[in-house]
Amino acid sequence: MAITGRFVLLALLGLVPLVVFPAWSTVLFVAVGLLLLLVADLVVAASPARLALERRQPGNVTLEGETDSVVTVTNGTRRKLRAEVRDTWQPSAGAVNAAQSLVVPSGERRRMTVTLVPRRRGDLKSPHVTIRSFGPMGLAARQRTRTLPGQLRVLPPFHSKRHLPSKLRKLRELDGRAAVQIRGAGTEFDSLRDYVRGDDVRSIDWRATARRTSVVVRTWRPERDRRVVIVLDTSRTAAARIEDEPRLDTGIEAALLLAVLAERGGDRVDFLAYDRRIRARVESASKGNLLGQLVQAMAPLEAELIELDWQQVPAQVRAVSAHRSMVVLLTALDGGAPEEGLLPTVAQLSRQHVVVVASVRDPLLSAMKEERTTASQVFRAAAAERALLERSAVTAQLRQLGAEVVDAEPHDVPPLLADTYIRLKAAGRL
């Protein structure tokens with residue numbers, strides 16, 4: 001039972017006779033009268049337990065997008081429903097009008113539409129709906145919380161998609177002109193031609209030669225479509241916020257742009273989110289829209305407050321692709337001891353694969369390095385300088401191991417990683 005403000009006001013007004021006529025009979029009269037009004041209003045109020053509730057799930061929406069959650073209330077009682085209904089979405093769902101007043105006559109139904117503008121990626125939930133049913137006088141109300149699960153999946157916004165047209169133009173310019181890495185005689189059959197001096201005798205096609213009067217050799221075309229394996233670090237370092245965005249979200253943006261670009265370039269793309277176990281995986285062999293599968297797999301990802309198991313990363317990559325691939329590690333250069341985790345892993349992967357390490361650099365470091373007015377700013381500048389020097393040292397060590405390194409501020413990481421892919425493809429290193 002809930003007592004409304006209107007009842008409180010009547011109770012205060014009922015104290016007037018107590019001041020003017022301070023007799024016990026008057027006190028009793030006022031108290032009984034108010035109690036009777038309260039009971040009468042409660043009896044006439046529709047029972048929230050007997051209402052039929054139905055929810056239409058909002059489905060999926062991109063971050064910063066807008067969608068609706070619809071709750072249908074059916075009044076199966078004999079009394080008119082005058083209620084305040086609250087759809088209890090968690091705060092990050094951004095419910096604009098979560099509480100609404102409904103008037104539902106007996107035997108009828110009404111829809112309550114709640115506008116959601118989510119402020120966080122992931123799976124957001126509304127476990128129940130709270131109904132407060134008022135009587136005709138509005139003095140008191142019955143309240144009940146009904147279980148009515150609702151779920152909204154907020155997908156990554158993919159802001160870096162704006163770079164895709166320019167990167168695709170660069171990729172198309174390479175078609176037919178890009179250098180490719182030739183190993184032996186090649187891997188794919190191209191055509192037949194007449195033998196000339198200097199040709200490898202092992203390439204002679206004896207069946208075609210038997211049908212003709214001249215010796216015929218096979219020509220081979222090196223394989224152009226390679227595999228791209230993207231490994232996204234979801235360990236504790238991914239939880240760091242850089243420019244009011246988790247490092248994990250920047251990694252997701254970079255992975256999306258690279259994956260779509262590589263798929264358009266004819267390469268096979270595999271995605272892996274990993275810390276100590278696989279958090280998400282999208283295989284290139286699966287059918288359907290790659291971008292749709294990626295955003296669905298990435299949407300519920302959260303950074304785990306544990307260390308990344310670097311020793312298992314090569315095995316995870318090997319389980320995805322046993323052939324030479326472009327392996328992209330989206331991780332941090334400043335987390336833990338790189339000489340014990342990142343560097344040995346890159347050294348092992350570089351023996352077979354082309355390795356690219358992409359990391360997000362905090363722009364605050366560059367700003368702190370320049371501010372040296374006060375003593376405290378000098379100390380902060382020294383700390384920032386040291387952090388940048390350590391990153392530079394790790395970058396130099398990675399390049400000595402044969403890896404490509406993309407170390408940039410959040411908004412620059414996705415396009416620079418895409419440019420690295422295009423450059424490697426043009427150089428024939430894929």
Q.
Side chains of R132 and Q143 only: does a donor on one sit below 3.5 Å from an acceptor on the other?
A. yes
| query | Is any side-chain N of the basic residue among D309 and R277 closer than 4.0 Å to the acidic one's carboxylate O? | reply | no
Subject >> Donor-acceptor contact present, side-chain S133 to main-chain P48, <3.5 Å >> reply: no
For M112 and A98, the nearest pair of non-hydrogen atoms, with its separation, is CE-O, 3.0 Å
Does a sphere of radius 6.0 Å around CZ in R111 hold more than 12 heavy atoms from other residues, nucleotides or ligands, not counting ones at 6.0 Å or beyond? no
In short, A280 meets A297 closest at the heavy-atom pair CB-O, 3.7 Å
Between the CE atom in M368 and the CG atom in L364, the distance rounded to the nearest 0.5 Å is 5.5 Å
message = If you apply the rule side chain to side chain contact (heavy atoms under 4.5 Å, CB included), what do you find for L155 with M298, and how did you get there?
response = CA-CA 8 Å; L155 306 177; M298 294 175 176; over 6 Å; no
_Any side-chain donor near an acceptor of the partner, E253 and S160, under 3.5 Å_ = yes
Output for pair (E304 CD, D233 CG), nearest 0.5 Å, gives 11.0 Å
Under a 4.0 Å threshold between the charged nitrogen and the carboxylate oxygen, would D68 count as salt-bridged to R56?
no
- Please examine the side chains of L333 and L342, heavy atoms only from C-beta on, and report whether any two atoms are closer than 4.5 Å. yes
(request) Kindly say whether A322 contributes a backbone atom to a donor-acceptor pair with the side chain of Q352 at under 3.5 angstrom? (result) yes
Can you find a heavy atom in the side chain of L401 that is under 4.5 Å from one in the side chain of L343? yes
Is the side chain of S166 donor-acceptor paired with the backbone N or O of H163 at a distance under 3.5 Å, no angle test?
yes
Taken to the nearest 0.5 Å, the spacing of E302 CD from D123 CG works out to 9.0 Å
Closest heavy-atom pair, V154 versus A299, reported as atoms and distance to 0.1 Å, is O-CB, 3.6 Å
When every non-hydrogen atom of E263 is compared with those of V269, the smallest separation belongs to N-CG2, 3.9 Å
So do M326 and V229 actually touch side chain to side chain, heavy atoms under 4.5 Å?
no
Hey, does V71 have a side-chain heavy atom less than 4.5 Å from the side chain of E54?
no
**Request:** State plainly whether the residues E245 and R241 are in salt-bridge range, i.e. N to O under 4.0 Å.
**Result:** no
- Query: So does R391 have more than 12 non-hydrogen atoms from other groups sitting under 6.0 Å from CZ?
  - Reply: yes
Query raised in the report: Quick one: do the T77 and S47 side chains pair a donor with an acceptor below 3.5 Å?
Result: no
Backbone of T331 reached by a side-chain donor or acceptor of S359 within 3.5 Å = yes
Check your understanding: Any donor and acceptor pair, going by atom type alone, linking the side chain of R55 with main-chain N or O of L148 inside 3.5 Å?
Key -> yes
- CZ (R120) with more than 12 external heavy atoms under 6.0 Å: yes
Take atom CZ of R144 as the centre, draw a 6.0 Å sphere, and report whether it contains more than 12 heavy atoms from other residues, nucleotides or ligands. no
Minimal heavy-atom distance between A93 and L124, with the atoms involved, is CA-CD1, 3.6 Å
Within the distance-only criterion (no hydrogens, no angle test), does the side chain of D205 pair as donor or acceptor with the backbone N or O of A208 below 3.5 angstrom? yes
One should read off an interatomic distance between L416 CG and H411 NE2, to the nearest 0.5 angstrom, of 13.0 Å
- Going by an N to O cut-off under 4.0 Å, is there a salt bridge joining E370 and R372? no
*Go through the steps to decide whether Q296 and R153 satisfy the test side-chain hydrogen bond (donor to acceptor under 3.5 Å, both in side chains), and finish with yes or no.*
CA-CA 8 Å; Q296 287 290 341; R153 171 158 287 189; 3.2 Å; yes
Check against side chain to side chain contact (heavy atoms under 4.5 Å, CB included), T130 and V85 = CA-CA 6 Å; T130 300; V85 183; over 6 Å; no
Answer yes or no: is there a donor N or O on one side and an acceptor on the other, between the side chain of R109 and the main chain of V104, under 3.5 Å? no
- Query: Between D87 and S126, do the side chains contain an N or O donor and an N or O acceptor separated by less than 3.5 Å?
  - Reply: yes
**Item:** Worked check of side chain to side chain contact (heavy atoms under 4.5 Å, CB included) between K161 and L257
**Value:** CA-CA 6 Å; K161 187 178 182 180; L257 180 61; over 6 Å; no
Exercise. For the side chain of S325 and the backbone of H323, is there at least one donor-acceptor N/O pair under 3.5 Å apart?
Worked result: yes
Practice task
Step by step, work out the salt bridge (charged side-chain N to carboxylate O under 4.0 Å, His left out) result for R169 and E173.
Solution key: CA-CA 6 Å; R169 282 196 297 270; E173 291 174 1; over 6 Å; no
* **Lys/Arg N to Asp/Glu carboxylate O, D334 vs R247, below 4.0 Å** => yes
CD (Q311) with more than 12 external heavy atoms under 6.0 Å
no
- Task: Carefully, step by step, assess D412 and R361 under the rule salt bridge (charged side-chain N to carboxylate O under 4.0 Å, His left out).
- Result: CA-CA 10 Å; D412 296 330; R361 184 177 67 247; over 6 Å; no
query: Quick one: does L256's side chain get under 4.5 Å of L258's, heavy atoms only?
result: no
*Does any donor atom in the side chain of S235 or D275 lie under 3.5 Å from an acceptor atom in the other side chain?*
no
Does some side-chain heavy atom of L116 sit less than 4.5 Å from a side-chain heavy atom of V61? no
All heavy atoms of A49 vs all of R146, minimum pair found to be O-NH1, 3.7 Å
With sequence neighbours left out, the residues meeting side-chain hydrogen bond (donor to acceptor under 3.5 Å, both in side chains) with E64 are none
* To do: Please examine the side chains of T374 and V378, heavy atoms only from C-beta on, and report whether any two atoms are closer than 4.5 Å.
  => no
To the nearest 0.5 Å, atom CD of E385 lies from atom OG of S366 at 9.5 Å
Exercise for review: Taking only Lys NZ, Arg NE, NH1 and NH2, and the carboxylate oxygens of Asp or Glu, determine whether E283 and R281 approach each other closer than 4.0 Å.
Suggested key: yes
| Can a donor-acceptor pair be found between the side chains of R86 and Q100 at a distance below 3.5 Å? | no
Practice item. Please determine if R227 and D267 form a salt bridge, counting it only when a charged side-chain N lies under 4.0 Å from a carboxylate O. Key: no
Criterion side chain to side chain contact (heavy atoms under 4.5 Å, CB included) on Y421 and V328, from CA distance to verdict: CA-CA 10 Å; Y421 163 77; V328 180; over 6 Å; no
Quiz item: Would you call E307 and R236 a salt bridge, taking side-chain N to carboxylate O under 4.0 Å as the test?
Solution: yes
Rounded to the nearest 0.5 angstrom, the CG-CD1 distance for L81 and I131 is 7.5 Å
- Is any side-chain heavy atom of Y274 less than 4.5 Å from a side-chain heavy atom of L232? no
